[in-house]
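To start, the structure under review is shown below, and the notes come after it.
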Amino acid sequence: MSDFTMTAGAVSAQRAAIPLATGLVLAARNIRKAFPGVVALDDVSIDVHAGRVHALMGENGAGKSTMMKIIAGVYFPDEGSLHFKGQPVALKSPRDALNRGIAMIHQELNLLPCMTVAENIWIGREPRSLLRLIDHRALNRHTAELFAQLGIEIDPQALLGDLSIANRQMVEIAKAVSFDSDLLIMDEPTSAITDKEVEHLFRIIGELKARGKAIIYITHKMDEVFQIADDISIFRDGRHIVTRKAQAFDKQSLIAAMVGRELTQVFPKMTVAIGEVALSVRNLSRRGVFSNVRFDLRYGEILGLAGLMGSGRTEVMESIFGIYPADEGELLFDGKRRAIRSPQQAIAAGIAFLTEDRKSDGLFLQLSVGENMQISALRRNCSLGFVRQKRVNESCTDMCRQLKVKTPGLHEIIENLSGGNQQKVLLARWLLNKPKILILDEPTRGVDVGAKAEIHTLITQLAREGVAIIMISSELPEVMGMSDRIVVMHERTVSGILPRAIATQENIMTLASGEPL
Amino acid sequence: MPNPAIVTPDIPRAIPRNWRMPQETSIVLVLLGIALIFEALGWIERGQSFLYNPQGLLIMVLRVSEIGLIAVGVTMIIIAGGIDLSSGSVVALSAMIAGSLAQTTGFGRTVFPGIVDLPVLVPVAAGVLTGGICGLINGSLIVRTGVPPFIVTLGMMVSARGLARYYTHGQPVSMFTDAYSAIGNGAKPVAIFLLAALVFHIVLRYTRFGKCLYAIGGNVQAARVSGISVGRNLIAVYTIAGLLTGLAGVVVSARAQTSQSGMGMSYELDAIAAAVIGGTSLAGGVGRITGAVIGALILGVISSGFTFLGIDSYIQEIVKGMIIVTAVIADQYRKRRAR
């Protein structure tokens, strides 16, 4: 530990007094973190230095977010150690991390919209007057001083809810600075703001660097990394691949490092006769969400949909399914134009949509396996409003057998099933409707290896039966292994469509990062 | 079945392998327990039987029927994830409107002197429809504006009560035709209540509408994605609950032989309490009509038991409140242990 104890003596005295001009602020050693069924981080070590921006890069699920949450005290590592300013630390909570000088600026902003800017920044540690009441004048004065230092122009007394997203981000940053933190973690801070606001943000980051703060910066955007980062660490599949100075990378080598995995997993892909165009999406747009999306989907085809988080993949599918209808553009089913304004109309058009978030958009947790499975098929199995329960139960039992759903019976409450079996029940819900077009959003997320392979086999089988399939997946090997063609999205529009033959990891990542092939 | 000779062997199984005690078992036991306690106290305090008292029991069951009719509708609303606070006021409004069309000639003041001695169907239909319209307004506002059901039905609660008062400027309405009064005679209200409970028990368990209500209450977003038209089903359930409340208004006024704008005061809370005691979750997605019926019986037994013992009515209210909360705490405790 002797490498990290250079400031140990001074730490207890006063945080601000420690000189950190070039020092090592944070050293993470051999960090391991596992969640049920998945190792999120395996033997990861990184160093973060004062006055430098350290970018973490990698695909979705590479482990960046988990790493960051461990540094910010959200998760506790299973193995390994953190050394902050030379001392080993065991962070008990985000609050503990904050008190020690580690601040995280969240992707989903954690501010209270109904309070003023100043109240948000100082919440829980407001300056008090004599009677232990909050001293609003001091509160606003402190805030104004803080903003002046950072060159932020926001009225401390404005309601936070009235601010733009970019300004809220500034407030978050100011709040982090107000703790006099030595390490700031920024998780995709530019994902929702305009170019001009990005410039402002970068000026503030420059100011923080000049003051000797260390910054961990997570992003998916290539241009940004080269503009702002001093060091870059690449993560892949829960492992730390490489850390180098930013100048040592160029775009190609960066992408290569991010995707450079060997493809070992075997997918049950079969060659299937591809039929006519089932669905033609033309210039589909929804204001502020995605624009000008176009692609064709054919019967028997598995069309992969790749793209980084926030690229608009799910949103496009939600529009096609009528959950949030599009503002512009058209959908042609078998060559005929058809407007889809609601899920009912989409179902009537032969579409089925397995949603990404099982718990919030799919399952009825208190209801039984049978009730969950049959809900969409009831319309077809009713006479005079009465459900033909026997017939429905027979087809549900049949589905359970076909999909190998492991359940004590149709009466079991679905909450008691494993993730993989819940996913099979939801898939069965849609298959009972015999769809012509099946949209699968992350069909194997949170599913164990065995069930995953079964779901893959089932998807292949359905394609062979002529069903047109769209599969969204964040796992590149899965998209590449299963798809006939891959639509890649970037910044809320289609950035390219790759046929199977040239759908390499590098090509997909290049398109997903907004670079031309 | 094309060939009746082929009988699938596993259909008439005597006891399914995963047979569990009916969900109502525990509250039926509570009901029996409370009744037996009153029986014992009855012998000790008054030297009389509480249960072997046909007159007293009939009065109790009649009162339960009124609350029960409302509870059937409210249970369905709560299962679908909503709430209805307007039932008590709607009872009064329906009673006033039905009563005004059920008057007979010859006795002093009538609301509409020109139209008296109408066939009984007219006032009954008017009362039921009044409730239905209130429910339709509730449901439509909730669906179209997105204002929470609590607020919309609170508004209806206040307005319907006001309208009931304004209708005759606070004057009670009485002198009903014999046919109308007969609705409240004997055990008829009980029969009406049990019939309604049976019908909607079947609706909830065996129709698509019923299953959709559970789905909507369980997870609105998932219901929408599954292709259920959430709005239409919600409007329907509020309207049905309104119709049942209107019917309760008719029964209440027929039994009392008068309609008054103060009728049905706090019935909505008793109905909600009956549903909740019967195992309906205020979070939606869970609940049964049978539970609500037993819940209403529990409330009825408690109040008639206290009256039987001659206990102060104020104390009755104090204890009733505590029992409602205890029932729900016990239910949550039981569920948590089951996990």
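Every heavy atom of this structure was used, including side-chain atoms; hydrogens, water molecules and symmetry mates were not. Labels below follow one simple rule: chain letters A, B, ... track the order of the sequence lines, proteins then strands, and each chain is numbered from 1.
Atom CG of L29(B) has more than 12 neighbouring heavy atoms from other residues, nucleotides or ligands inside a 6.0 Å radius. Counted within 6.0 Å of CZ on R391(A), heavy atoms from surrounding residues, nucleotides or ligands total more than 12; the atom is thus considered enclosed.
Looking only at heavy-atom pairs under 4.5 Å with chain B, the residue among L363(A), T355(A), L365(A) that has the most is L363(A). Heavy-atom pairs under 4.5 Å with chain B were tallied for A346(A), G362(A), S342(A), A352(A); the largest tally goes to G362(A). Your options are F386(A), W430(A), F353(A), and the one with the most heavy-atom pairs under 4.5 Å with chain B is F386(A).
Looking at R379(A), both its backbone and its side chain come within 4.5 Å of chain B, counting heavy atoms on both sides. Contacts of F321(A) with chain B are made by side-chain atoms alone, with heavy-atom separations under 4.5 Å and no backbone atom involved. Residue L426(A) does not touch chain B at all, counting heavy-atom pairs closer than 4.5 Å. Both the backbone and the side chain of L378(A) come within contact range of chain B, judged by heavy atoms closer than 4.5 Å. For Q345(A), no part sits under 4.5 Å from any heavy atom of chain B, backbone or side chain. For chain B, the nearby part of S360(A) is the backbone; its heavy atoms alone come within less than 4.5 Å.
When all heavy atoms are compared, the tightest approach of R208(B) to V387(A) is N-CG2, 3.4 Å. Q344(A) and G227(B) make their closest contact through CG-O, 3.1 Å (heavy atoms, listed as atom of the first residue, atom of the second, distance). I375(A) and A215(B) get closest at one heavy-atom pair: CD1-CB, 3.7 Å. The shortest non-hydrogen separation linking F364(A) to G218(B) is CD2-C, 4.4 Å.
A donor-acceptor distance shorter than 3.5 angstrom exists from the side chain of N219(B) to the backbone of K359(A), with no hydrogens or angles considered. Under a 3.5 Å cut-off, the side chain of S226(B) and the backbone N or O of S376(A) do not form any donor-acceptor pair.
Between Q221(B) and I323(A), the closest side-chain pair of non-hydrogen atoms falls below 4.5 Å.
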- Might you work through the side-chain contact (heavy atoms from CB on, under 4.5 Å) test for Q389(A) and K211(B), ending with a clear yes or no? CA-CA 11 Å; Q389(A) 200 61 58; K211(B) 295 195 178 274; 3.2 Å; yes
